[in-house]
Amino acid sequence: MELSDSVVKGLQTLADPACFDFRAFTAFTEVAFDSLLSSRTDRALDLPELKKIDQALLKHCHVATTTFILEGIKQNADKSTISSCLEDVKFDSERVDAFYTSYQKNKRNLESLLSSIDRCPPHITDASWRLEYCMKNGHVHNVNQPTFLISFNTEDGGNEGTSSDVNFSCTLEQLQDLVGKMKDAAKSMERATQL
Amino acid sequence: MHMTLVKRIVGEFGRIAVEFLKKGSNPKIYEGAARKLNVPSETIQHGVEGLMYLLTESSKLMISDVDFQDSVLVLGFSEELNKLLLQLYLENRKEIRQILGELAPSLPHYQNLEWRLDVQLASRALRQQVKPTVTMKLHLKSGGTQTARLFQTDPATLLHLLQELERALAEVKSNHCRRILRNIK
């Protein structure tokens, strides 16, 4: 894994028992992982174990650690890659193991997080429908036809999940056509997963 | 004027009226006809527009043959002419109703759905993925304009959407709906 000088320096500081004793190290590592996964990130570094450490240094280490974690997850780094990187920045074996345990524990959730950062067309999350019987309107009387109003709820991946809707109407035949085509897609998908 | 000539003229006006309903009016036609018949073009215009109104109102209300004939009786035309007008009405009412229907307020309606199955392998944020996605292009028509919107969804949501929409379809066959559809005519 390619790491920038700043990240290397930050990790080296984290490895140094003079800066972080083992208790501070474990508390800090926990915070680093949590800060990536939770949305409450203010005052995350405000722990008693970390009080003795210079704030600026703490921030630098935090950036370095979180960058390292995300790089590892992004590339699906295995145990040997993580371990050798940490050894290169002077982590002793106790710290390597402690770090890797946390890494494994949080890996899945972090992968989900990164996977959801995506540029994609609006993502449909739900559908609602309404069945109406149209009797007449201002321009045509005696219509007497059932109509469906369909609404697809969508989420726009990029902007914090802003949702929007697409609304359209269709006749019975049109809805049957729509459902038929979606069924084709679902069947194809099923067949593809069985390959 | 001679009866056959009148019949021909009414027939022609009727044809023009229907054309105008389908494709929009064209004032030049009035001038051409006015010159041929040696009358002011406003007269032609009123004649054609009168016929258009007759046809749209009759189609809108979906009136029966008898009611239509009773209505045109007041115009004092000959029986042959009335038959001609009735024929014009019956032949074109379905299409006229369709055109009128497009004037009513409505949401864009469904035209077509295209779909595509993809597997996302990597992104800038995460490598080594296997993420199946379904991309869909929904074609809608609103008034005269066609639009196409692109969407994406995942396999689980696709199945959920299908379930919901199938429930909607099933509802039409329910007793409640059948009763309403049967009795409100």
Side-chain angles (χ1 to χ4, degrees), chain A residues 70 73-76 111 113-131 133-150 152 154 157 166-172 174-179 181-186 188-190 192-193, chain B residues 56 59-62 97-117 119-120 123-129 131-136 138 140 142 149-155 157-162 164-169 171-172 177 180-181 184-185:
Chain A
L70 288 174
I73 301 284
K74 174 167 107 180
Q75 297 180 20
N76 200 20
E111 273 175 352
L113 182 68
L114 289 181
S115 149
S116 69
I117 299 172
D118 210 356
R119 283 245 175 253
C120 66
H123 189 104
I124 301 182
T125 52
D126 204 356
S128 13
W129 56 269
R130 197 166 95 190
L131 172 59
Y133 188 59
C134 183
M135 292 165 60
K136 60 160 82 166
N137 58 58
H139 300 273
V140 192
H141 292 197
N142 289 60
V143 177
N144 296 336
Q145 278 220 315
T147 321
F148 289 94
L149 294 180
I150 311 278
F152 284 148
T154 65
V166 61
N167 302 312
F168 61 94
S169 70
C170 53
T171 63
L172 180 60
Q174 288 168 340
L175 185 59
Q176 285 169 335
D177 182 68
L178 173 61
V179 169
K181 294 195 163 110
M182 286 172 75
K183 269 205 190 125
D184 287 341
S188 269
M189 196 174 66
E190 219 179 322
T193 56
Chain B
T56 48
S59 302
K60 164 171 152 185
L61 300 168
M62 195 76 169
R97 277 172 71 81
Q98 227 168 14
I99 295 168
L100 290 174
E102 287 174 23
L103 294 171
S106 75
L107 288 172
H109 52 262
Y110 170 82
Q111 290 284 100
N112 193 17
L113 180 81
E114 298 178 85
W115 57 267
R116 195 178 82 189
L117 218 49
V119 178
Q120 181 164 315
S123 69
R124 180 178 166 179
L126 186 63
R127 312 290 147 82
Q128 299 190 21
Q129 295 181 43
K131 189 161 117 177
T133 54
V134 182
T135 307
M136 299 193 284
L138 184 64
L140 300 174
S142 185
R149 289 186 63 169
L150 213 55
F151 296 106
Q152 204 178 63
T153 191
D154 53 85
T157 309
L158 178 64
L159 295 176
H160 165 70
L161 296 176
L162 255 177
E164 266 318 303
L165 295 179
E166 282 180 320
R167 273 200 200 119
L169 278 177
E171 198 53 35
V172 181
C177 282
I180 304 277
L181 265 62
I184 303 185
K185 284 256 175 250

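Below, chain A is the first sequence line, B the second, and so on; all start at residue 1.
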Using non-hydrogen atoms and a 4.5 Å limit, figure out which bit of [X] sits close to chain B: side chain, backbone, both or neither.
X	answer
A:L70	neither
A:M182	both
A:Q145	neither

Got a second to check how far [X]'s [atom1] is from [Y]'s [atom2], nearest 0.5 Å?
X	Y	atom1	atom2	value
A:M189	B:D154	CE	CG	8.5 Å
B:L158	A:K183	CG	NZ	11.5 Å
B:S59	A:H139	OG	NE2	14.0 Å
B:Q129	A:D118	CD	CG	7.0 Å
B:Q152	A:H123	CD	NE2	7.0 Å
A:D126	B:L161	CG	CG	7.0 Å

[X], part contacting chain A, at a heavy-atom distance under 4.5 Å:
X	value
B:L165	both
B:R97	both
B:L113	both
B:Q120	side chain
B:P132	neither
B:L61	both
B:R167	both

Do B:N112 and A:D177 have side-chain heavy atoms sitting under 4.5 Å apart?
yes
Determine whether B:F151 and A:P121 make a side-chain contact, defined as any pair of heavy atoms from C-beta on separated by less than 4.5 Å.
no
List for me each residue that meets ring-ring contact (aromatic ring centres under 6.0 Å, His included) alongside A:F148, sequence neighbours excluded, and say none if there are none.
none
Residues passing the ring-ring contact (aromatic ring centres under 6.0 Å, His included) test with B:Y110, sequence neighbours excluded, are none
May I ask you to name which of [options] has the most heavy-atom pairs under 4.5 Å with chain A?
options	answer
B:L126, B:L107, B:L117, B:L159	B:L126
B:P108, B:C177, B:A168, B:S123	B:A168
B:I184, B:V119, B:L138, B:I180	B:I184
B:V134, B:L181, B:T133	B:L181

Taking every heavy-atom pair that is under 4.5 Å apart, which of A:C134, A:A127, A:S169 has the most such pairs with chain B?
A:S169
Under a 4.5 Å heavy-atom cutoff, which of A:N167, A:T147, A:V166, A:L149 has the most pairs with chain B?
A:V166
For [X] against [Y], the heavy-atom pair lying closest together:
X	Y	answer
B:Q128	A:Q75	NE2-O, 3.6 Å
A:L131	B:V172	CD2-CG2, 3.9 Å
A:L114	B:A125	CD1-O, 3.5 Å
B:T157	A:I124	CG2-O, 3.3 Å

Would one find more than 12 heavy atoms of other residues, nucleotides or ligands at under 6.0 Å from atom CZ of B:R127?
yes
